[in-house]
Each structure stands twice: as C-alpha cells, then as structure tokens.
Asks: 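Just passing along the structure, written as structure tokens.
This is a predicted model, so every value here is computed, not measured. Lettering follows sequence order; numbering is per chain, from 1.
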Amino acid sequence: MTTAQPVTPLNFPSERDGCPFAPPSAYERAREEEPVSQVTLFDGTPCWMITRHADVKAVLRDQRFSADIRHPGFPFINASRRALVAGQQTFIRLDDPEHARLRRMLTADFMIKKTEALRPRIQGIVDEFLDRMIENGSPADLVTAFALPIPSLVICLLLGVDYADHTFFQERSRILLNNEAAVEDVGRARDELVDYLAELADRKRRDPDDSIISRLVARGELTEREVASTGMLLLVAGHETTANMTALSTLALLREPEQLTKLRAQPALLKGAVEELLRFLSIIQTGLPRVATEDVTLGGQTIKAGDGVLCMLATANRDEDAFADADRLDVARESRRHVAFGFGVHQCLGQPLARVELQIALETLFRRLPTLRLAVPFEEIRYRDDMVVYGVHELPVAW
Amino acid sequence: MRVSVDTEMCCGSGQCVLAVPEVFDQCEEDGIVRLLDEHPDGEHHEDVRAAAAVCPAGAITVHEG
Ligand code: HEM
Ligand code: SF4
C-alpha cells in the first residue's frame, strides 16, 4: 500500500477543459494518481471524491454510506443544493427503510415487462413529434422539437399529469436543476412543483383513474406531501434526464460517422449502443453525494464517520480497469456494467423506461432522417455545464 | 451452478431480467425479483454471472459447481 502524498485539494467542481463528452481532466488525473482524493467544496468544506469504477460501486452499495440529505456532513456542491435540506424530502435522498417503503410502491410500475409493453405507445409519440418537426421544416432545434417533448409526454401519461402544463413544469425543473440559480429561486421552483402535484393528488382523490399518482393516493398509506414530493421526483427525473441523453447521444453519433454507419447497418446493435452511449456520456456528472456513517478504509484512505463523498459516475465509466479503450465510443462493445444509472439501492428506478425511450427515439430519428446533420459548426454548441443533468442547451440540426 | 436471490435486498432495478429473462423475472405486484430457474442450463451461466455483477443491490448469489 502506498501512503497518499498530501497534495493541495482540488476545488470542486472543476471546469471541463477538453472533449465536451469527457469529464474534466482533473477528475481523470485523480483517478490515475489518487483515486480516493480530497476536494474542497464551494463553502470550504472538505469532501472525498471517488473516481474508480470498483470504488464507486463499492461505496454506492455500502450501507455505511448514507444518502440522507439531513445527515450531518452530507456534501453539497453549491448553496442552492444545501438549501433543499429544508422541506419534504423525496426518497432519492432518504435511507432504507424509509427509502425502500416509498420506492417499493413504484417498482412494479417501472418493471421491465410494464415498460416493454409501452413500446407501441412510445413509438407513436416519437413518430408524432418527428412528423411535426419534419413538417415545420429543416433546420430545427432537436432539443425543443424532439428530445424534450418525448419523455415529458411519456412521464405525464404515466403520472396522470396534463401535458398541456409542460411549460410550467419544464421551466421549474430547469431552475431546480440549475447549479447557478439563486437559492430563493431554487426553493420557489421546488415549492411550486410540489404544490402543483399536491393539487393534482387532491383531484385524483376525488376523481380516481389508473395513473401512478392516483394509485399512490388510493393506497392511503402516504401523506399528501409524500405523494406530492414523490410525484415531483418522478416528473423531474423522468423528463430532464432522457431528454438530455437523447440530444447528447444524437450529437455524439453525428460526431462519429463510422459508429453511426455501423449502427444504421446493424439494427441488432441498438440496445448495446444505447448502453454504450449511457456509459460514454454519463450525463449525471457532478457526483452522487453520500456521507459516511462509520469510518471506512478505501483506496488507502480513511474516510471518517461524518465525511462527505462524491461518487463520480463519469470517471468510473471511463476507467480502463473496467472498460478497455474507455475514451472511445464503440457501439459494438459490451458495456452493460456501466454505472450511468448509479449503483446500490438508489440505482435509477426509471432505467427500464429510459432505455426503451432512448432506443425508440434514436432508432426512429436516424432511420427516418438519413441525411440528419448539425446545422451549426460543432464548436458553437453550448453545453450544460451549469446544470445537474449534463447535455446541450440546444441542438440545431438540418436534414 | 445454483442461483439464489434475496427478495428483501432487491430494489427492483430489472437488470437481471434484462440479462437473462430465462432465469429471472419480476413479480407483477411489486416488481421484486422472482427466480425462475434455480439450476440454469450451461448456455445461461455467463449471463447469470453478469446479472449477479450488475445487480445494484447485491441480491443475487451464484454458487458455482
Ligand atoms: C438516461 C436517463 C436517466 C439517467 C442517466 C438517470 C440517472 C439516475 C441516477 C444516476 C440515479 C441515482 C441517484 C443517486 O443514487 O443519488 C437515478 C435515480 C432515480 N431516477 Fe433516474 N435517470 C434517468 C432516467 C430516469 C427516468 C426516465 C425516470 C422516471 C421516472 C427516473 C427516475 C429516477 C428516480 C425516481 C430515482 C431515485 C431512485 C432511488 O433513490 O431509489 N430516472 N437516476
Ligand atoms: S438486478 Fe438485483 S435489484 Fe435488480 S431486480 Fe434483479 S435482483 Fe432485484
């Protein structure tokens, strides 16, 4: 075992300095030189950054690390994240048994068989938005015409939310997930979303249907606030993530024409290609936050009870020990061991749905628009470095 | 090869069903893992090992031999 050299801790987060699809080079250097290393957060608090694939999996599956945002020492990467401690928590930031109680009320809704059965409906939605984009003519912004509306409409149908309100919830989500938004704005966006879902839950109480919100209400086991905050988590996590993954995947494939040609020629590669894109792009880039509840030794370091840790999915997914030639996008590679959806009991609840949406959206887009290309130089694309979910702000395309 | 699953630990991710639907399923009521075949055929062994490796909750145990 080597003893860690005391080095000046990195300020977190670092700025991206190379390829827009790759994590900041400082994080990748940490993975090679000191895979469990100290960083300094915005308020001067020290925190551990976990960068290797094996260590990220180990921490996320270890009961000695808590995901409870209220636990002393829980790491926050900015003031607005910290401000969210006040108020009703969603199960993504709770530990078992509270977390499992809420998650288990939803696991049946997102199980493989249920999401596979949604394929024809999702195909219809994808075709409809693509028809409209084509009708309006080339060029178009792929984010607003295609990538964002598809998962938004799908999650609305599942939850029982009226899609006509999409501007309202998309705008609030954008503020809630903006790392640079003012503390008050983030708090207000969250409260407005929870109030909106509380009102919806109340309507479902009086006029029940088969939607997820209605069935959560009908169980009678949850408070109105619990139903509303759970609904908010699903609504926000359900559209921003897949939307960004769709647009960023499109850009990545347009940048790698050989990979795109291969994928178009061999439709059997589709499912694996989506896993590879999830690995390669790892859109949750600022690290999954946890706090140690006991002393833990990892990578030659002692993480003390009460220390915060950030699990870096993007560097884990480019760890050469887990994926050979990891910085290369290879649609034919075996990449299902990626951690783009996290790991441990909080691993993404919506992953079966995200997979089906991504498979259908990308297959349909590249099949129906064989001449799809960027409508601006690659260098002009604006990336979402300021957001919790990475991606592009807009993606001008022509065909 | 013998496979066992721990339904208490399972978080219903569905990763095992994607890996080997012949061996793993999810219960209609709660989305929690159901083992279909405790002694899978040789052709599935590699995928069963992969399922145990990707299971986020550590709910799958493979007994080799
Ligand atoms: C490509 C798309 C997606 C990506 C990359 C993604 C990523 C993630 C990650 C990394 C986590 C773990 C967070 C943590 O452990 O701290 C997570 C949790 C979660 N995701 Fe997703 N997600 C995606 C799509 C979706 C969709 C479509 C839904 C739909 C409802 C969803 C709902 C959730 C929920 C509810 C959780 C919390 C699970 C828990 O704490 O038990 N996600 N997601
Ligand atoms: S992979 Fe593990 S957690 Fe996911 S459904 Fe199967 S047994 Fe449960």
Asks: Between B:Gln26 and chain A, which part of the residue has a heavy atom less than 4.5 Å away: side chain, backbone, both or neither?
Replies: both

Asks: Within the side chain of A:Asn317, is there an N or O that forms a donor-acceptor pair under 3.5 Å with the backbone of A:Val339?
Replies: yes

Asks: Whether the side chain of A:Arg93 engages the backbone of A:Ile69 through a donor-acceptor N/O pair (distance < 3.5 Å, no angle test) should be reported.
Replies: no

Asks: Whether the side chain of A:Glu320 engages the backbone of A:Ala326 through a donor-acceptor N/O pair (distance < 3.5 Å, no angle test) should be reported.
Replies: yes

Asks: Please rank B:Ser13, B:Cys27, B:Ala57 by heavy-atom pairs under 4.5 Å with chain A and give me the top one.
Replies: B:Ser13

Asks: Where on A:Arg336 is there a heavy atom nearer than 4.5 Å to chain B: the side chain, the backbone, both, or neither?
Replies: both

Asks: Measuring centre to centre across the rings, with the benzene-like ring taken for any Trp, is A:Phe323 within less than 6.0 Å of A:His53?
Replies: yes

Asks: Please state whether the side chain, the backbone, both or neither of A:Lys114 comes within less than 4.5 Å of a heavy atom of chain B.
Replies: side chain

Asks: Between A:Ser282 (side chain) and A:Ala340 (backbone), is there a donor-acceptor pair under 3.5 Å?
Replies: no

Asks: Heavy-atom distance under 4.5 Å to chain B: side chain of A:Leu349, backbone, both or neither?
Replies: neither

Asks: Counting only non-hydrogen atoms closer than 4.5 Å, does B:Ala19 touch chain A with its backbone (N, CA, C, O), its side chain (CB onward), both, or neither?
Replies: both

Asks: Side chain, backbone, both or neither: which part of B:Gln15 has a heavy atom under 4.5 Å from chain A?
Replies: side chain

Asks: Looking at A:Lys113 and B:Asp25, is there a salt bridge between them, counting it only when a charged N and a carboxylate O are closer than 4.0 Å?
Replies: yes

